[in-house]
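Beneath this line is the structure, given in structure tokens, with notes to follow.
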Amino acid sequence: MAESPRPKRKREEEEDGGAALRDGAAATAAPFPLAELRLRRVLRESARDKAVFLHGEVTGASGEGTDAVIILEKTPFQEEKLSDLLKKHTKLELQMRNDIYSTYHLYPPPELSEIKATVVHPATEKHLQKYLRQEAHLIRETWEDYKNITLPFIQSQSFSVQWVYNILEKKAEADRIIHENPDPRNGFVLVPDFKWNQNQLDDLYLIALVHRREIKSLRDLTAEHLPLLRNILQEGKEAIAKRFGVPGSQLRIYLHYQPSYYHLHVHFTALGYDAPGSSVERAHLLADVIDNLALDSMYYQKRALTFALRADELLLKKFQEAGRV
């Protein structure tokens with residue numbers, strides 16, 4: 001799902017601290033009553049990503065309805081199950097034949113046709129707008145724009161990153177931590193992103209969360225942070241190679257600007273995976289960031305940065321009001 005950047009949680013996990021039910025996040029919670037969901041509308045669908053975003057309503061015991069967002073994604077094929085997929089009670093229905101070419105509808109058994117469901121419940125209007133299809137606009141943000149428009153906007157909003165602190169403090173997802181450098185200044189934790197189910201390596205996706213809490217984004221980085229960034233680059237690659245057998249040469253390691261949440265984090269994805277947000281207008285390779293800061297400590301306080309904003313985002317309205325769009 002190619003998300004345009006916005007100041008909200010990227011892991012499809014909300015800034016209010018945990019409405020999304022993801023792997024390990026609600027082990028003791030009651031299952032979401034999917035069968036009781038009343039479908040209200042399709043917010044967005046992506047044929048490329050084989051995903052659909054739904055707005056539904058759940059009626060509670062009191063009779064009052066609450067909104068929910070349901071994200072349905074077809075999971076990637078798993079190599080070890082391909083033989084079963086082709087042979088195990090699979091129905092094949094011919095659609096078209098022309099010379100040596102033919103197409104079919106293939107109907108696999110339920111255990112081989114998994115769909116991943118992500119739930120945001122109860123969902124607010126912000127959540128509904130987040131997943132609603134919107135036009136996007138490219139912004140070219142100068143350092144003056146950042147100081148005068150973006151930073152005041154960030155400071156005026158209540159973007160909670162408590163879920164990040166819960167991970168760093170081992171209050172949540174502790175069993176999911178792949179690697180940790182505990183140094184309070186130059187350390188981080190490496191955890192699987194919620195979008196990756198860890199069943200295959202084709203869509204490998206992990207996130208490095210830094211221990212330091214005052215670094216919001218790429219704009220805050222200076223040469224002072226080089227030891228931290230180098231630790232993330234080197235130790236992250238080593239941890240992934242050791243745990244998953246994927247070498248650093250097959251990883252895309254990058255930061256987002258604008259980020260989806262304002263606590264510095266680094267994305268590790270499989271190079272062959274067309275990961276959300278890996279497009280040129282948003283992703284900055286960590287190795288390039290390190291080189292830029294080594295050349296000029298104030299590099300990211302000097303240069304203009306480009307990013308996309310959706311039509312409904314408040315930050316876009318701020319840029320429009322300032323005559324910058």
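Sequential numbering from 1 along the given sequence is applied to the chain's residues.
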For this session: Begin with the C-alpha distance, continue with both residues' side-chain angles, and end with the deciding distance and a verdict on side chain to side chain contact (heavy atoms under 4.5 Å, CB included) for Ile240 and Leu251.
Result: CA-CA 9 Å; Ile240 291 173; Leu251 295 173; 4.0 Å; yes
For this session: Anything under 30° is parallel, anything over 60° is perpendicular, the rest tilted; go ahead and classify His256 against His267.
Result: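 Ring orientation, 0 to 90° scale: tilted.
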Problem set entry | Mutual orientation of the aromatic rings belonging to Tyr146 and Tyr257 [parallel < 30°, tilted 30-60°, perpendicular > 60°] |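 Taking Tyr257 first and then Tyr146, their aromatic rings sit tilted (interplane angle of 30° to 60°).
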Exercise. Does the separation of the ring centres of Trp163 and Tyr261 fall below 6.0 angstrom?
Worked result: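 Judged by ring-centre distance (under 6.0 Å), Trp163 and Tyr261 do meet the cut-off.
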Find out whether [X] and [Y] are in side-chain contact, i.e. whether some heavy atom of one side chain is under 4.5 Å from a heavy atom of the other.
| X | Y | result |
| --- | --- | --- |
| Ile253 | Leu285 | no |
| Phe32 | Leu37 | yes |
| Gln234 | Arg230 | no |
| Lys170 | Ile177 | yes |
| Leu293 | Leu229 | yes |
| Arg212 | Pro184 | no |
| Lys216 | Leu151 | yes |
| Val189 | Leu168 | yes |

Please give me the minimum heavy-atom distance between [X] and [Y], naming the atom from each residue.
| X | Y | result |
| --- | --- | --- |
| His284 | Val289 | CB-CG2, 4.1 Å |
| Tyr254 | Pro276 | OH-O, 4.0 Å |
| Ala117 | Leu72 | CB-CD2, 3.8 Å |
| Thr59 | Glu36 | O-OE1, 4.4 Å |
| Pro122 | Thr66 | CB-CB, 4.4 Å |
| Leu221 | Gln301 | O-NE2, 3.2 Å |

Look at the side chain of [X] and the backbone N and O of [Y], then say whether any donor-acceptor pair between them is shorter than 3.5 Å.
| X | Y | value |
| --- | --- | --- |
| Ser113 | Pro109 | yes |
| Thr142 | Ala304 | no |
| Ser297 | Ala223 | yes |
| Arg310 | Leu132 | yes |
| Asn98 | Tyr101 | no |
| His263 | Val210 | yes |
| Arg252 | Thr269 | no |
| Asn292 | Tyr299 | no |

Does [atom1] belonging to [X] count more than 12 external heavy atoms closer than 6.0 Å?
| X | atom1 | result |
| --- | --- | --- |
| Phe77 | CZ | no |
| Glu135 | CD | no |
| Glu79 | CD | no |
| Lys317 | NZ | yes |
| Glu93 | CD | yes |

Under a 3.5 Å threshold, yes or no: a donor from one side chain and an acceptor from the other, between [X] and [Y]?
| X | Y | result |
| --- | --- | --- |
| Glu281 | Ser279 | yes |
| Gln320 | His137 | no |
| Asp202 | Tyr273 | no |

Cluster question for you: counting only ILVMFWY and a side-chain heavy-atom cut-off of under 4.5 Å, with indirect links fine, are [X] and [Y] together?
| X | Y | answer |
| --- | --- | --- |
| Met298 | Trp143 | no |
| Leu138 | Leu316 | no |
| Phe153 | Val325 | yes |
| Ile167 | Tyr165 | yes |
| Leu92 | Leu82 | yes |

To the nearest 0.5 Å, what is the distance between [atom1] on [X] and [atom2] on [Y]?
| X | Y | atom1 | atom2 | answer |
| --- | --- | --- | --- | --- |
| Leu54 | Ile71 | CG | CD1 | 9.5 Å |
| Leu86 | Leu106 | CG | CG | 7.5 Å |
| Leu85 | Glu80 | CG | CD | 11.5 Å |
| Asn181 | Asn231 | CG | CG | 5.5 Å |
| Leu34 | Ile70 | CG | CD1 | 6.0 Å |
| His211 | Leu209 | NE2 | CG | 9.0 Å |

Problem set entry | Counterpart residues, ring-ring contact (aromatic ring centres under 6.0 Å, His included), relative to Phe188 (two or more places apart) |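 With neighbours one apart ignored, the set is His179.
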Exercise. Side chain to side chain contact (heavy atoms under 4.5 Å, CB included) between Gln200 and Asn197: does it pass, once the steps are laid out?
Worked result: CA-CA 8 Å; Gln200 62 282 316; Asn197 59 19; 2.9 Å; yes
For this session: Run the numbers on Leu128 and Asp67 for side chain to side chain contact (heavy atoms under 4.5 Å, CB included), then give the verdict.
Result: CA-CA 9 Å; Leu128 298 176; Asp67 289 319; 4.2 Å; yes
Run the salt-bridge test on [X] and [Y] with the 4.0 Å N-O cut-off and return the result as yes or no.
| X | Y | value |
| --- | --- | --- |
| Arg185 | Glu224 | yes |
| Glu45 | Lys74 | no |
| Glu169 | Arg213 | yes |

Exercise. Among all residues two or more places apart in sequence or in another chain, which pass the salt bridge (charged side-chain N to carboxylate O under 4.0 Å, His left out) test with Asp145?
Worked result: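 Listed in chain order: Arg324.
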Please determine if [X] forms a cation-pi arrangement with [Y], meaning its NZ or CZ atom is less than 6.0 Å from the six-membered ring centre and no more than 45° off the ring axis.
| X | Y | value |
| --- | --- | --- |
| Arg44 | Phe53 | yes |
| Lys195 | Tyr205 | yes |
| Lys116 | Phe194 | yes |

For this session: Walk me through it: do Leu305 and Arg219 pass the test side chain to side chain contact (heavy atoms under 4.5 Å, CB included)?
Result: CA-CA 9 Å; Leu305 295 174; Arg219 283 294 194 190; 3.5 Å; yes
Problem set entry | ring-ring contact (aromatic ring centres under 6.0 Å, His included): pairs with one or both residues in residues 213-251, sequence neighbours excluded |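 The answer is Trp196-Phe244.
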